[in-house]
Amino acid sequence: MTEAPVRTLLLWCPDWPVLAAELVDGVPATGAVAVLHANRVVACSEAARAEGVRRGLRKREAQGRCPRLTVVDHDPGRDARAFEPVVAAVEELAAGVEVVRPGACALAARGPARYLGGEEAAAERIIEHVAQTCAVESQVGIADGVFAAGLAARDGRVVPPGGTPGFLAGLPVEALGRPALADLLRRLGVRTLGGFAALPAGDVLARFGFDGALAHRLAAGRDHRPLAVRRPPADLAVTADHDEPIDRVDAAAFAARALAERLHDQLAAHGLACTRLGIEAVTADGQELHRVWRHDGLLTAAAVADRVRWQLDGWLTGSAGRPGARPTRPTAGIIRLRLVPDGVLARADLQPGLWGETGEERERAHRALSRVQGLLGPEAVVTAVLGGGRSPDDQVRLVPWGDERLPARPGGPTGFDRSGGSARGGGAASSGRGAPLPWPGRLPPPSPAVVLPVPLAATVHDAAGEPVGVSARLQLTAAPARLAVGAARPVEVVGWAGPWPVDERWWSPAEARRRARFQVCLADGAALLLAVESGRWLVEAIYD
């Protein structure tokens, strides 16, 4: 016996990527706005639609239809962050909310309907509450199953119980959200969900596969997938208010220890451990201070207290860090201190070693460097992260101590080119048909020992004393014979290799960079990495 679909209430916020851009980045949603992904429109505002902009249009065509169009890059993270207050507002009236996607959330309709006086009354109450709490317009649809409720929300409909198959029957096959399947069905003469649902299930499975069979069940109104509801997150932050403003480090340290112990006890009660700590402070005149500390292990009560004390010390002493930097001392004493466990995980994932704690030297180093950051700021201590790239200066990114060590470009020394970059001419080739390509034009080993922060100007001459150049076809005008760096005396070139050409981001004139690189050995024993860019020779790095 087939399980009946769950009566579902789905809240939908139209044009959510556009609205999220307004909420997070301040882009006015009342204007002509389009959100683009892979150079195609994925969402647009009402004003843009009035000018003929539609989903799926290319950027150039959309701008041709609406010259005043504001283009915003698609950012799923931004959409999710902006949607969190909406979900929290819905959870204030009903429990068991599932986020379908940023801009849409669903919950079982039975509870709100019984508590708020019926399905229509529940829909109106939720819409009104979201509008008052978040200043966001939304629509609600109620039907049997999440799929049908999502389609009903487009019209703000409440489909009667048992009426979902009839509601779906007249909708076009494009409502399934599967463009390839919809195109195939139309070519086969099936244009509505009702016509698709009438096909035998066995034939649909044989012809369209598992995904087609799932779509067939949705078209027939047999969406029995249970809601994957989320539990409202517990408020784990701890706050301490002080009648007398704190302006001394010793008083701040005392307050920090008491608050850290409260936070640690609260996390322990939930079986959690803190790995990222947010420290917030409010001064007597309303100034707000905020700093996030990261840690790759368990933050004990003592470790939390240390970091809070260091941070308060850095704020209250007003250390300017580097000479000429703006002072960081707050304008008044601190009257409120709040600790937010910004990153938590189950305590079982952070067990110490069998014979006690390990990595004590690492912990001492981490405490010392974190202490420096508390006084001078997070950018005062940085570490290098190796990533992908075609030149040594492209492959290293400096990140603040404690931050996530993510490379600037994907693909390390043996990684693959997944950045969308392109190099024309020269470089490594694929090792097999369809295999991922390494960075085209990447320098061969060995890597240079010193990468100059600012390349040095150089001149290269041939045996006759004439300047050596590189043609548009990447051919040397003559063999290099002598090299002079800056105003130094020329040195004889005893060996050279290259060129390794690279033509990066040629599709963006403002970011385009085209150059050819050479490795040279000099008579004085030096080995250099040279580059020719815009007709100029530059020394980029030095080999051991």
Side-chain angles (χ1 to χ4, degrees), residues 23 81 84-85 88-89 91-92 129 132-135 232-295 298-321 325-344 347 366-381 400 402:
L23 295 174
R81 291 192 302 272
E84 177 62 25
E91 285 179 335
E92 293 177 1
H129 184 69
Q132 293 177 349
T133 306
C134 307
D235 186 6
L236 302 175
V238 293
T239 305
D241 294 318
H242 303 277
D243 296 332
E244 293 294 331
I246 299 175
D247 53 6
R248 301 195 324 272
V249 175
D250 56 346
F254 180 80
R257 181 162 297 279
L259 200 58
E261 291 177 354
R262 282 178 51 194
L263 175 65
H264 187 265
D265 293 342
Q266 183 164 300
L267 291 174
H270 288 82
L272 300 173
C274 181
T275 60
R276 192 167 61 247
L277 175 69
I279 304 173
E280 300 175 358
V282 179
T283 64
D285 59 1
Q287 182 184 8
E288 296 183 0
L289 306 172
H290 179 74
R291 181 65 54 79
V292 175
W293 291 75
R294 290 179 172 86
H295 186 59
L298 170 64
L299 277 173
T300 63
V304 172
D306 285 344
R307 281 151 180 79
V308 178
R309 176 169 53 84
W310 297 338
Q311 188 58 61
L312 293 177
D313 188 7
W315 280 335
L316 294 176
T317 57
S319 175
R326 180 175 58 87
T328 59
R329 182 178 177 83
T331 55
I334 295 173
I335 61 172
R336 176 176 297 173
L337 183 61
R338 188 167 185 258
L339 304 184
V340 182
D342 193 45
V344 295
R347 179 181 287 271
H366 188 91
R367 286 167 58 89
L369 296 177
S370 299
R371 169 68 167 158
V372 174
Q373 284 185 314
L375 294 173
L376 304 182
E379 303 295 335
V381 182

List in chain and number order the residues that pass side chain to side chain donor-acceptor pair (under 3.5 Å) with [X], two or more places apart in sequence or in another chain; answer none if no residue qualifies.
X: R262; answer: none
X: D285; answer: T283, T331
X: E288; answer: none

Apply side chain to side chain contact (heavy atoms under 4.5 Å, CB included) to residues L263 and V304 and explain how you reach the verdict.
CA-CA 9 Å; L263 175 65; V304 172; 4.2 Å; yes
Looking at every heavy atom in both [X] and [Y], which two are closest together, and how far apart are they?
X: V308; Y: I279; result: CA-CD1, 3.8 Å
X: H129; Y: A89; result: CD2-O, 3.1 Å
X: P341; Y: L339; result: CD-O, 3.8 Å

Go through the steps to decide whether L277 and V340 satisfy the test side chain to side chain contact (heavy atoms under 4.5 Å, CB included), and finish with yes or no.
CA-CA 6 Å; L277 175 69; V340 182; over 6 Å; no
Return the set of residues passing side chain to side chain contact (heavy atoms under 4.5 Å, CB included) with [X] (not counting sequence neighbours), or none when no residue passes.
X: A281; answer: L289, W315, I334, L337
X: H290; answer: E280, V292
X: D241; answer: T239, R336
X: P245; answer: A284, I335

Using the test salt bridge (Lys or Arg N to Asp or Glu O under 4.0 Å), find all partners of R248 that sit at least two apart in sequence or belong to another chain.
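D250.
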